[in-house]
Amino acid sequence: MTEARRLVAGGDGTVGVERTDDTARCWPALDYPDWRDTAATLQLWTQIVGKVRLALSPWLNHGWQVPLYVNARGLGTSTIHAGRSIFEIDFDLVDHRLSIRTPDVLDRGFDLEPMSVATFYRRFMKELGGAGIDVTIDVSPNEVSDPIRFPEDELHSSYDAAAVNAFWRALVQADRVFRLFRTGFLGKASPVHFFWGSLDLAVTRFSGRAAPLHPGGVPGLPDAVTREAYSHEVSSAGFWPGNDQHPHATFFSYAYPTPKGFAQATIEPAGATWSAEMGEWLLAYDAVRTAADPDSALLSFLQATYRAAADLANWDRGLECAIGVPRRPRPV
């Protein structure tokens with residue numbers, strides 16, 4: 001059994017380290033080349049499900065109506081309203097099943113196993129219809145190179161259940177630390193979102209000021225969506241499994257607009273690097289996973305990149321507060 005550590009908030013508002021041998025809290029190894037094909041397939045499957053939420057949900061600032069969320073079994077949509085009815089969709093990445101639940105139907109769905117995107121799309125839409133959910137989605141993938149319409153995609157068909165479960169377990173750890181980080185800010189901050197377009201987990205803080213119009217140009221994403229997402233100044237951080245150009249799971253942090261001097265800031269921990277190509281600070285997932293204290297390593301990266309952005313862009317630092325403590329209201 002591998003020893004792990006986790007951050008715990010003390011009654012005085014400080015954050016300490018608690019050792020634990022609970023393997024459910026361990027940070028699993030992720031080797032992108034080993035599960036590359038599965039990651040590509042999973043990204044497209046999550047887009048199909050996410051586009052149902054997109055089609056039925058009224059627009060919320062910064063596209064917050066569309067993400068999925070890490071849950072106790074995998075990834076889920078949370079509640080979706082369809083007229084006067086209600087339902088939710090989950091990727092169970094423990095028992096590897098796609099589930100649709102409504103008040104009248106406890107569980108419709110099918111097993112997650114190797115199948116093409118086209119097969120997944122047909123089976124999923126059939127199950128939605130069987131549950132009484134009438135919806136039409138945009139069948140063109142977003143934010144992927146060489147997109148193939150979902151009903152026609154027989155190319156992507158891999159599903160390595162063990163690799164997907166490891167990815168989910170990594171998401172669980174990242175989600176936990178991101179949520180803790182989020183408590184240290186009084187201003188507008190996003191929930192921790194899983195964005196299916198790029199297959200990443202993210203949390204974002206806002207200065208409260210409007211941002212310059214974003215130039216757009218994000219591949220596979222309409223400029224109107226990008227510009228609405230970045231309508232206000234942000235400091236955003238996230239976790240991403242990698243791609244062919246960067247085949248490593250990575251934590252990232254960026255600011256929009258990027259303040260002058262951000263690339264030259266001093267960022268902790270020592271393994272953090274600036275990517276001029278991406279315009280982001282990067283910290284390898286393996287550097288966190290293998291650190292003596294993974295939680296503290298990640299939290300220091302989140303705090304250092306935020307503080308650099310906030311200092312250089314002259315944010316109101318009065319928006320900051322101590323990390324939250326269970327059952328203890330923030331003193332005012």
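Fair warning: this is a prediction, and the values are worked out from it, not measured in the lab.
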### Query
Can you check whether D153 reaches R149 side chain to side chain, under 4.5 Å on heavy atoms?
no
#### Entry: Shortest non-hydrogen contact between L201 and A174, atoms and distance
CD2-CB, 3.9 Å
### Task
State, without any angle test, whether H96 and Y159 hold a side-chain donor-acceptor pair at a distance under 3.5 Å.
yes
### Query
Between atom CZ of F167 and atom CG of L30, what is the distance when rounded to the nearest 0.5 Å?
7.5 Å
### Task
Could you walk me through whether W240 and Y285 pass the side chain to side chain contact (heavy atoms under 4.5 Å, CB included) test, one step at a time?
CA-CA 9 Å; W240 174 60; Y285 170 77; over 6 Å; no
### Derivation of the side chain to side chain contact (heavy atoms under 4.5 Å, CB included) call for Q43 and W196
CA-CA 6 Å; Q43 181 175 6; W196 38 262; over 6 Å; no
### Query
At their closest point, which heavy atom of A202 faces which heavy atom of S190, and how far apart are they?
O-OG, 4.4 Å
### Task
Kindly say whether L54 contributes a backbone atom to a donor-acceptor pair with the side chain of S57 at under 3.5 angstrom?
no
### Task
Flag the pair F206 / T204 as yes when at least one side-chain heavy-atom distance between them is below 4.5 Å, and no otherwise.
yes
### Query
Sub-3.5 Å donor-acceptor pair from the side chain of K260 to the main-chain atoms of A313, do we have one?
no
#### Entry: Shared hydrophobic cluster, Y254 / L213 (ILVMFWY, side-chain heavy atoms < 4.5 Å)
no
#### Entry: Heavy-atom donor-acceptor pair, R205 side chain to S236 backbone, under 3.5 Å
no
### Query
Would you call the rings of Y306 and F181 parallel, tilted or perpendicular if under 30° counts as parallel and over 60° as perpendicular?
perpendicular
### Query
What are the two closest non-hydrogen atoms of P257 and A211, and how far apart are they?
CD-CB, 4.2 Å
### Message
Hydrogens and angles aside, do E233 and S207 bring a side-chain donor and acceptor to less than 3.5 Å of each other?
### Response
yes
### Inter-residue atom distance F252.CZ - S275.OG, 0.5 Å rounding
12.0 Å
### Message
Does this structure show an ion pair linking D107 with R97, if we count only N-O contacts that are shorter than 4.0 Å?
### Response
yes
### Query
Going by atom types alone, do E228 and W59 pair a side-chain donor with an acceptor below 3.5 Å?
yes
### Message
When you measure from the side chain of T258 to the backbone of A255, do you find a donor-acceptor pair of N or O atoms at a distance under 3.5 Å?
### Response
yes
### Message
For A265, is there any backbone N or O sitting under 3.5 Å from a side-chain donor or acceptor partner on W281?
### Response
no
### Enclosure of E113 CD (heavy-atom neighbours >12, cutoff 6.0 Å)
yes
### Task
Taking the side chain as every heavy atom from C-beta outward, state whether S99 and F91 have any pair of such atoms under 4.5 Å apart.
no
### Query
Should V164 and L112 count as side-chain neighbours, where that means a heavy-atom distance under 4.5 Å?
no
### Contact check, side chains of F194 and P67, non-hydrogen atoms, under 4.5 Å
no
### Query
How far does CG of L171 sit from CD of Q173, to the nearest 0.5 angstrom?
10.0 Å
### Task
Keeping the roles fixed (side chain from T38, backbone from D160), state whether a donor-acceptor pair exists under 3.5 Å.
yes
### Message
Strictly below 4.0 Å, N to O, side chains only: are R73 and D95 in salt-bridge contact?
### Response
yes
### Backbone N/O of G83 and side chain of S85: donor-acceptor pair under 3.5 Å
no
### Query
Can you name the one residue among H62, H232, H214 that meets ring pair (Phe, Tyr, Trp, His ring centres under 6.0 Å) with Y256?
H214
### Closest non-hydrogen atom pair between P294 and V288, with its separation
CB-O, 3.2 Å
### Task
Give a yes or no answer on whether the side chain of S231 reaches the backbone of R227 with a donor-acceptor pair at less than 3.5 Å.
no
#### Entry: ring-ring contact (aromatic ring centres under 6.0 Å, His included) between F87 and H81, worked out
CA-CA 7 Å; F87 68 100; H81 291 271; 9.1 Å; no
#### Entry: Test item: side-chain donor near acceptor, D104 and T102, under 3.5 Å
no
### Message
Taking the cut-offs as 6.0 angstrom to the six-membered ring centre and 45 degrees off its axis, would you call K188 and W64 a cation-pi pair?
### Response
yes
### Message
Quick one, L75 and D90 - any side-chain contact, counting heavy atoms below 4.5 Å?
### Response
no
### Query
Which is it for I100 and L98 under the side chain to side chain contact (heavy atoms under 4.5 Å, CB included) test, yes or no, and what are the steps along the way?
CA-CA 7 Å; I100 302 167; L98 189 284; 4.1 Å; yes
### Message
Around atom CD of E268, are there more than 12 heavy atoms from other residues, nucleotides or ligands closer than 6.0 Å?
### Response
no
### Query
Is the shortest distance from a Lys or Arg side-chain nitrogen in R179 or D175 to a carboxylate oxygen in the other one below 4.0 Å?
yes
### Message
Quick check for you: to the nearest 0.5 Å, what is the distance between S198 atom OG and E143 atom CD?
### Response
5.0 Å
### Message
Within this structure, what is the CG-CZ distance for the pair L302 and R307, rounded to the nearest 0.5 Å?
### Response
10.5 Å
### Message
Quiz question: by atom type and distance under 3.5 Å, do the side chains of E154 and S116 form a donor-acceptor pair?
### Response
yes
### Query
Once the angle between the rings of F251 and W27 is folded into 0 to 90°, is it parallel (under 30°), tilted (30 to 60°) or perpendicular (over 60°)?
perpendicular
## Note on the structure
CG (D134) and CG (L128) are apart, to the nearest 0.5 Å, by 10.0 Å
### Query
Can you find a heavy atom in the side chain of E280 that is under 4.5 Å from one in the side chain of L282?
yes
### Task
Indicate the ring-plane relationship of F120 and F124, choosing parallel, tilted or perpendicular according to the 30° and 60° boundaries.
parallel
#### Entry: Side chain T183, main chain G324, donor-acceptor under 3.5 Å
yes
### Query
Would you say the side chain of F150 lies within less than 4.5 Å of the side chain of Q47, judging by non-hydrogen atoms?
yes
### Message
Donor-acceptor check, side chain of T77 to backbone of I89, threshold 3.5 angstrom: yes or no?
### Response
yes
### Task
Indicate whether any N or O donor in one side chain lies under 3.5 Å from an N or O acceptor in the other, for N243 and H246.
no
### Shortest non-hydrogen contact from Y121 toward P151
CE2-CG, 3.6 Å
### Task
Identify the two heavy atoms, one from Y32 and one from P241, that lie closest to each other, and give their separation to 0.1 Å.
CD1-O, 3.4 Å
### Task
Test side chain to side chain contact (heavy atoms under 4.5 Å, CB included) on V70 and V172 and set out the steps.
CA-CA 7 Å; V70 176; V172 168; 4.0 Å; yes
